[in-house]
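Beneath this line is the structure, given in structure tokens, with notes to follow.
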Amino acid sequence: MAGSGTAHLRADQERALSVENLVVEFPVTGGTVHAVSDLSIDLIPGETLGILGESGCGKSSAGRALMQLPAPTSGRVVLGDTDLTTLKKNDMRRARAKMQMIMQDPVSALNPRRKVKDLVAEGLEIWGFEGDDKAKFVDELLASVGLDPEVVRDRRPHEMSGGQCQRVCIARSLALDPDVLICDEPVSSLDVSVQAQVLNLLEVTRERYSLSMIFIAHDVAVVKNISDRVLVMYLGKTCEVIPTDDMQHTALHPYTRLLLESVPRADDAQKAAQKALDHGPTKAVELPSPLNPPSGCRFRTRCPLATDRCAAEEPELREMRPGQFVACHNVAP
Ligand SMILES: Nc1ncnc2c1ncn2[C@@H]1O[C@H](COP(=O)(O)OP(=O)(O)OP(=O)(O)O)[C@@H](O)[C@H]1O
Ligand code: SF4
Ligand SMILES: [Mg+2]
């Protein structure tokens, strides 16, 4: 029987990135934080896969583990043909250049003492760029993310807006000619007015540089907008993998449905969904902790469809419709 970390593509389908049974645990005083438990991801070349879930469900821990920063507790991360989890330090540096991460807070991701031109050029020595060639390439990269090289190349991060800093981070990641870009809440710290511009830039960039992208966020509308498929996570586990097209109507997992219904609309259904997310089916329920996740289905303490079986038995991720995988005992296609 397939586990909750089962693959989501046919064996013969090409993958830009393949993640198998990823586990990330943090030993802490009093126990272990189960941040990511048996997560599998298959990234189709050229697609954007959204990873959606509430704060604390393990999205960033998963993203960092893909980059091996730090390496996961267990599981395999295969980028193209290279298994990152078995590489030695030097090989890792080169292989990791092919997968870049854009973080939530662009200002703190950049060394405040360095100028933009040096920040973008960091890492270029891997490809042997020096002198005029390097300066020309840096200018091209800055222009490709919508920044005027003349204006910004000698600035430092604190002399620019958050949106401009995020553009610098994107330029810097492109310098290494990656195949895969992992974006961890890349617009959530930016002003609403510039969020759409940066999202648009990411889409244009993905197409122009033939990238495959993982887009991590807790904002349903943003994830739906930018992704081809969405992987919904709850307390470190996959609930559902679903093509974005029409997911409002096709989503089956009770958690995905609540997330979709809780998107702000100020109607009664939205209020009910938000209440269910906040409190679970009864007000007495405490929100579960990754230090001590619930037995069986981890969503059961908040699930409106929970039955006795849900406490006793963990649901397997099963393909309900072509390309749509759901881990739930009590839904059918
Ligand atoms: N270094 C660490 N040591 C101990 N616990 C950690 C560490 N990093 C993350 N955690 C815990 O792991 C769980 C998952 O955290 P993570 O940051 O991956 O969630 P997230 O989905 O990215 O949340 P957010 O949407 O708030 O960014 C949380 O309970 C968090 O407190
Ligand atoms: S397995 Fe049970 S608790 Fe989990 S989502 Fe399905 S119905 Fe809800
Ligand atoms: Mg996070």
Side-chain angles (χ1 to χ4, degrees), residues 15-19 41 43 45-49 60 62-71 77-147 149 152-153 156-157 160 164-186 198 201-216:
R15 290 145 163 84
L17 177 73
S18 174
V19 180
I41 302 172
L43 189 62
E47 79 165 336
T48 298
L49 174 72
S60 297
R64 286 195 295 267
L66 300 189
M67 298 290 295
Q68 311 293 302
L69 292 172
V77 179
V78 182
L79 180 62
D81 299 326
T82 311
D83 184 348
L84 298 185
T85 33
T86 60
L87 289 183
K88 300 247 160 31
K89 207 172 169 190
N90 273 349
D91 295 334
M92 172 70 80
R93 199 164 155 246
R94 200 165 256 277
R96 201 162 46 198
K98 291 281 157 197
M99 183 159 62
Q100 292 291 308
M101 193 158 181
I102 307 287
M103 315 292 274
Q104 176 172 355
D105 180 358
V107 181
S108 63
L110 297 170
N111 182 336
R113 287 186 295 275
R114 305 206 76 188
K115 292 183 175 175
V116 164
K117 62 184 179 193
D118 300 321
L119 291 164
V120 174
E122 266 172 22
L124 273 182
E125 70 270 21
I126 293 185
W127 306 121
F129 275 99
E130 278 307 329
D132 286 351
D133 279 353
K134 186 165 83 176
K136 190 163 165 266
F137 189 44
V138 165
D139 280 359
E140 279 170 19
L141 286 166
L142 288 172
S144 80
V145 297
L147 294 171
V152 301
R153 71 164 83 87
R156 292 189 167 82
M160 296 188 302
Q164 286 176 318
C165 286
Q166 197 58 298
R167 286 173 191 268
V168 171
C169 290
I170 296 169
R172 188 167 69 147
S173 68
L174 293 174
L176 297 169
D177 190 26
D179 296 326
V180 173
L181 205 56
I182 300 172
C183 303
D184 187 0
E185 309 253 12
V198 172
L201 171 65
L202 283 168
E203 282 203 81
V204 170
T205 304
R206 183 189 55 71
E207 235 176 279
R208 180 167 171 196
Y209 292 88
S210 303
L211 300 170
S212 315
M213 200 154 85
I214 290 183
F215 189 94
I216 296 171

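- Shortest non-hydrogen contact noted between Val77 and Asp83 is O-OD1, 3.5 Å.
- In this structure, CD1 in Ile170 is found 12.0 Å from CG in Leu142, a value given to the nearest 0.5 Å.
- With rounding to the nearest 0.5 angstrom, the CG atom of Leu110 is 6.5 Å from the CE atom of Met160.
- Looking only at side-chain heavy atoms (C-beta outward), Cys183 and Met213 come within less than 4.5 Å of each other.
- Between Glu207 and Glu203 there is no side-chain heavy-atom pair separated by less than 4.5 Å.
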Are Leu174 and Leu211 close enough, and set up right, to give a side-chain contact (heavy atoms from CB on, under 4.5 Å), and what steps lead you there? CA-CA 10 Å; Leu174 293 174; Leu211 300 170; 4.0 Å; yes
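- Note that the CG atom of Asp184 and the CD1 atom of Ile214 stand 11.0 Å from one another [nearest 0.5 Å].
- Closest non-hydrogen pair, Leu147 versus Val152, comes out as CB-CG2, 4.0 Å.
- Between Gln68 and Thr85, some side-chain heavy-atom pair lies under the 4.5 Å cut-off.
- Counting only distance, with no hydrogens or angles, the side chain of Arg206 and the backbone of Glu47 share no donor-acceptor pair below 3.5 Å.
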Please lay out, stage by stage, how Arg96 and Leu69 fare under the test side-chain contact (heavy atoms from CB on, under 4.5 Å). CA-CA 10 Å; Arg96 201 162 46 198; Leu69 292 172; 3.5 Å; yes
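- One finds the CD1 atom of Ile41 at 6.5 Å from the CG atom of Leu49 (value rounded to the nearest 0.5 Å).
- Proximity of Ser173 to Ile102: side-chain heavy atoms (C-beta onward) are separated by under 4.5 Å at one or more points.
- Judged by distance alone, the side chain of Glu185 and the main-chain N or O of Phe215 form no donor-acceptor pair under 3.5 Å.
- Side-chain contact between Val180 and Leu66 is absent, with no heavy atoms from C-beta onward closer than 4.5 Å.
- With Arg114 contributing its side chain and Leu119 its backbone, the two residues share no donor-acceptor pair below 3.5 Å.
- Under the 4.5 Å side-chain criterion, counting only non-hydrogen atoms from C-beta, Val138 is not in contact with Arg153.
- Atom-to-atom distance recorded for Leu79:CG and Arg15:CZ is 14.0 Å, nearest 0.5 angstrom.
- Pro157 and Pro112 get closest at one heavy-atom pair: CD-O, 3.8 Å.
- Atom NZ of Lys98 sits about 14.0 Å away from atom CG of Leu17, to the nearest 0.5 Å.
- Using a 4.5 Å heavy-atom threshold, the side chains of Leu181 and Leu202 count as touching.
- Of all heavy-atom pairs spanning Ser212 and Pro45, the tightest one is OG-CA, 3.4 Å.
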Using the side-chain contact (heavy atoms from CB on, under 4.5 Å) rule, take Met101 and Arg64 through it: C-alpha gap first, then chi angles, then the decisive distance, then the call. CA-CA 8 Å; Met101 193 158 181; Arg64 286 195 295 267; 4.1 Å; yes
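- Smallest separation of non-hydrogen atoms from Phe137 and Ala175: CE2-O, 3.8 Å.
- Between Met99 and Ile182, some side-chain heavy-atom pair lies under the 4.5 Å cut-off.
- What you find for Thr82 and Ala95 is that their closest heavy atoms are CG2-CB, 4.3 Å.
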